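Take a look at the structure below.
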Amino acid sequence: MALRAIYGTFPSGVTAVCALRDGSPVGFAASSFVSVSVDPPLVSVCVQDTSTTWPLLVDRPRLGLSVLGSDQGVMCRRLASKSADDRFADTPYTVTDGGAVLLHGAVAWLECTIHEIVRAGDHDVVLLRVEAMQDHPDVAPLVFHGSGFRTLASEAT
């Protein structure tokens, strides 16, 4: 589809949205992450209406949003796969007291609650309120562009 190709011309970071369900981690990859507001602290992700993972997360008290690091491409593909048996294989993570799952190796962690869900075409725009956060500034981000992962080049000043 031509529109999808146009959307792919815009580079973006990639996040993982994850939580515990029945004692096991559940999650998906989202490249539609956007910062929304500082006061109140809000971010958003877009979730396709055909997602089979989102219904397993929507009622969780806390969601972990991990901004993925440059070496997490394989793990990201696994999280995005509809057929992966174990999306969290070989992926170390931390579980917060609220049940949010935060992936090790990420650039930043946000522990969130759902603020509002807005229907938008074939997606839901999920506004998330940031309840806790931690950054890992020594980790380079994973960048998604043109259906592939890219690295950022350092610019000499």
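Predicted, not measured: the structure shown is a model, and the values here were computed from it.
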>> Taking Leu127's backbone N and O only, do any of them form a donor-acceptor pair with Ser44's side chain (distance below 3.5 Å, no angle check)?
In response: no
> Is the shortest heavy-atom distance from the side chain of Leu142 to the side chain of Asp71 under 4.5 Å?
Replying inline: no
> Taking all non-hydrogen atoms of both residues, which atom of Arg87 and which atom of Gly27 are closest, and how far apart?
Replying inline: NH1-O, 2.8 Å
> Stepwise, does the side chain to side chain contact (heavy atoms under 4.5 Å, CB included) test hold for Thr113 with Leu63?
Replying inline: CA-CA 6 Å; Thr113 54; Leu63 298 175; over 6 Å; no
> What residues form a salt bridge (charged side-chain N to carboxylate O under 4.0 Å, His left out) with Asp59, not counting sequence neighbours?
Replying inline: Arg21
> Counting only N and O atoms by type, is there a donor-acceptor contact under 3.5 Å from the side chain of Ser37 to the main-chain atoms of Pro41?
Replying inline: no
>> Quick one: does any side-chain atom of Ser66 pair with a main-chain N or O of Leu68 as donor and acceptor, under 3.5 Å?
In response: no
> Quick one: do Phe28 and Val26 end up in the same hydrophobic cluster if we chain Ile, Leu, Val, Met, Phe, Trp and Tyr together by side-chain heavy atoms under 4.5 Å apart?
Replying inline: yes
> Mind checking whether Val139 and Phe33 sit in one hydrophobic cluster, side chains of I, L, V, M, F, W, Y counted as touching below 4.5 Å?
Replying inline: yes
> Can Ile114 be reached from Val17 by stepping across I, L, V, M, F, W or Y side chains whose heavy atoms are under 4.5 Å apart?
Replying inline: yes
> Taking it one step at a time, do Thr15 and Val45 satisfy side chain to side chain contact (heavy atoms under 4.5 Å, CB included)?
Replying inline: CA-CA 9 Å; Thr15 61; Val45 294; 4.2 Å; yes
>> Hydrophobic clustering (ILVMFWY, side-chain heavy atoms < 4.5 Å, transitive) - are Met133 and Val126 grouped together?
In response: yes
> What are the two closest heavy atoms between Cys46 and Val125, and how far apart are they?
Replying inline: SG-CG2, 4.0 Å
>> Determine whether a donor-acceptor pair (N or O, by modelled atom type, separation under 3.5 Å) exists between the side chain of Arg62 and the backbone of Ala19.
In response: no
> Minimum heavy-atom separation for Asp86 to Arg78, with atom names?
Replying inline: O-CD, 3.4 Å
>> So which atom in Pro92 and which in Asp90 form the shortest heavy-atom distance, rounded to 0.1 Å?
In response: CD-O, 3.6 Å
> To the nearest 0.5 Å, how far apart are SG in Cys112 and CD in Glu131?
Replying inline: 7.5 Å
>> Please check: side-chain N/O of Glu111 versus main-chain N/O of Leu65, any donor-acceptor pairing under 3.5 Å?
In response: no
> Looking only at atom types and distance, does a side-chain atom of Thr53 sit under 3.5 Å from a main-chain N or O of Ser51, one as donor and one as acceptor?
Replying inline: no
> Any idea how Trp109 and His136 line up, ring-wise: parallel (<30°), tilted (30 to 60°), or perpendicular (>60°)?
Replying inline: perpendicular
>> With clusters defined by side-chain heavy atoms of hydrophobic residues (ILVMFWY) lying less than 4.5 Å apart, directly or transitively, does Val47 cluster with Val14?
In response: no
> side-chain hydrogen bond (donor to acceptor under 3.5 Å, both in side chains): which pairs involve residues 119-128, sequence neighbours left out?
Replying inline: Asp49-Arg119, Arg119-Asp124
> How far does CZ of Arg77 sit from CD of Gln72, to the nearest 0.5 angstrom?
Replying inline: 14.0 Å
>> Just so I know, are the side chains of Leu56 and Trp54 near enough to count as touching, which here means a heavy-atom distance under 4.5 Å?
In response: no
> Can you name the salt bridge (charged side-chain N to carboxylate O under 4.0 Å, His left out) partners of Arg60, sequence neighbours left out?
Replying inline: none
>> Run the side chain to side chain contact (heavy atoms under 4.5 Å, CB included) test on Leu110 and Leu128 for me, step by step, so that the C-alpha distance in whole Å, both residues' side-chain angles and the decisive distance to 0.1 Å come before the verdict.
In response: CA-CA 10 Å; Leu110 302 172; Leu128 300 167; over 6 Å; no
>> For a 4.5 angstrom cut-off between non-hydrogen side-chain atoms, does Leu79 reach Leu103?
In response: yes
